[in-house]
Amino acid sequence: MSTASKTRHKYEIVAAGIRATIADSLGPNDALPSERELMEIYNVSRMTVRAAIARLADEGLVYNVHGSGTYVGSPDLFAKAPKLTSFTEDMVSRGYAPSSRVLEVSRVAAVAAVATRLGLAPGGECTKIRRLRLADGNPMALETVFLPGEVLPMEEFDAKSSLYGQLTDRGYEIHRAEQEIHAVTLDEDASGLLAVPLGSAALEIDRVAVDRRGHPVEYARTIYRGDRYSFQMAVSRESGDK
Ligand code: GLP
C-alpha cells in the first residue's frame, strides 16, 4: 500500500468508490445502494458511509431525499456548483487566455478592515498586490489582494505566475473561502484601467480564503467588468422545505 493511500481517510476511499460506480453505471436521479448495502460493500461503519455521502452531496454529485435514500444529482447542476477557483482557472474554464498587469506590490501595515479579516493585529505587516487581470488581452477585472507578510513576502511574489499556484508551492494551499458579491460603479481610476466609461456598473467579489488548517491566507477584492463577467451558481431546495 502506498503512503498516500495509507493516510487517506476511509470515507474518502468509499467516496471514490461511489464516484466510480456513478461514472460506470448510474445516471441522474438513479438511487445509490442503501446505507446498509454500502456498509457491506466497503466493510465500513454507518458513520463512514454517511461521511462519504456527505462529501459527495457537498460536491453536488448526489442528493438525499429524507426517508427515501440517496440519488445521483443532475450533471448540469453539478457543473454549475460554485468552485473555488483562481482567476487563471476561472478564465481558462470560460475559454479565455488569462494574463495580468501588475500595478502595485508593496509591504503595508494592515488597516483594521484588513487585519480583522486576516486575523492579524491592527498594523500587522502584510503584502499588498494590485493587478489588472486580462482575458484574451482585454481588461476583465481589477484586483487588490492582501496576504499576511509571512505567507508571501513582497520580494518573493512572482509577477508572471498564478498567485494561488505560488501559495500552494509555499505550503499555503487555498482550501475554502467566504465571498461577498455586490454591485459597484467605477470611479475614474478603475474605469480607466478597465477601459469602460466612468460610472459603469461592475461586480465586486470580496473573498477571505483560508488554507487547510483554517488560517486566513488572503483577503481579496476583485472588481469584474459588468459587461463581461457573470457569476453562476446552483441552488437547491431540501425536500420538506416550505
Ligand atoms: C481570483 C480570486 C482572488 C485570487 C485570485 C488568484 O481572482 N477572486 O481572491 O487572489 O483569483 O488568481 P491567480 O492564481 O490566477 O493569480
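Everything quoted here is computed from the prediction, not taken from an experiment. Note that these values count all heavy atoms, side chains included, but never hydrogens, waters or copies made by symmetry.
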Practice prompt. Would you check if there is a donor-acceptor pair between the side chains of Ser161 and Asp158 at a distance under 3.5 Å?
Written response: yes
Practice prompt. In plain terms, say whether Glu125 and Arg107 are close enough for a salt bridge, that is, a side-chain N and a carboxylate O under 4.0 Å apart.
Written response: yes
Practice prompt. State, yes or no, whether a side-chain contact exists between Leu203 and Ile223 at a heavy-atom distance under 4.5 Å.
Written response: no
Discussion item. Can you tell whether the side chains of Arg130 and Asp189 come within less than 4.0 Å, N to carboxylate O?
Written reply: yes
Discussion item. Does Asn43, at its CG atom, have more than 12 non-hydrogen atoms belonging to other residues, nucleotides or ligands within less than 6.0 Å?
Written reply: no
Response to the item:
Output for pair (Leu193 CG, Arg133 CZ), nearest 0.5 Å, gives 14.0 Å
Worksheet entry | Heavy-atom neighbours of Arg170 CZ exceed 12 at 6.0 Å | yes
Practice prompt. Search all heavy atoms of Phe87 against all heavy atoms of Pro98 and return the closest pair with its distance.
Written response: CE2-CB, 4.2 Å
Worksheet entry | Glu173-Thr168 side chain donor-acceptor pair, cut-off 3.5 Å | no
Discussion item. Run the side-chain contact (heavy atoms from CB on, under 4.5 Å) test on Arg55 and Arg19 for me, step by step, so that the C-alpha distance in whole Å, both residues' side-chain angles and the decisive distance to 0.1 Å come before the verdict.
Written reply: CA-CA 11 Å; Arg55 158 63 65 92; Arg19 259 187 228 111; 4.2 Å; yes
Worksheet item: Does the pair Glu218 and Tyr172 meet the rule for a side chain to side chain donor-acceptor pair (under 3.5 Å), with working shown?
Response: CA-CA 10 Å; Glu218 72 155 355; Tyr172 296 100; over 6 Å; no
Worksheet item: So does Glu104 pair up with Lys128, basic N to acidic O under 4.0 Å?
Response: yes
Worksheet item: Any salt bridge between Asp227 and Arg225, counting N to O under 4.0 Å?
Response: yes
Practice prompt. From the options Thr222, Leu163, Leu103, select the one residue that forms a side chain to side chain contact (heavy atoms under 4.5 Å, CB included) with Arg131.
Written response: Leu163
Worksheet item: Within 45° of the axis and under 6.0 Å from the centre of the six-membered ring of Phe146, does NZ or CZ of Arg221 qualify?
Response: no
Worksheet, complete the sentence: Residues passing the side chain to side chain donor-acceptor pair (under 3.5 Å) test with Thr48, sequence neighbours excluded, are Ser45
Worksheet item: What are the two closest heavy atoms between Tyr11 and Ala52, and how far apart are they?
Response: O-CB, 3.5 Å
Practice prompt. Locate the shortest heavy-atom distance separating Pro139 from Leu132; write the atom from each residue and the value.
Written response: CB-CD1, 4.3 Å
Discussion item. Using the ring-ring contact (aromatic ring centres under 6.0 Å, His included) criterion, which residues pair with Tyr229? Sequence neighbours excluded.
Written reply: Tyr224
Fill in: Derivation of the side-chain contact (heavy atoms from CB on, under 4.5 Å) call for Thr144 and Ile129
CA-CA 6 Å; Thr144 309; Ile129 301 168; over 6 Å; no
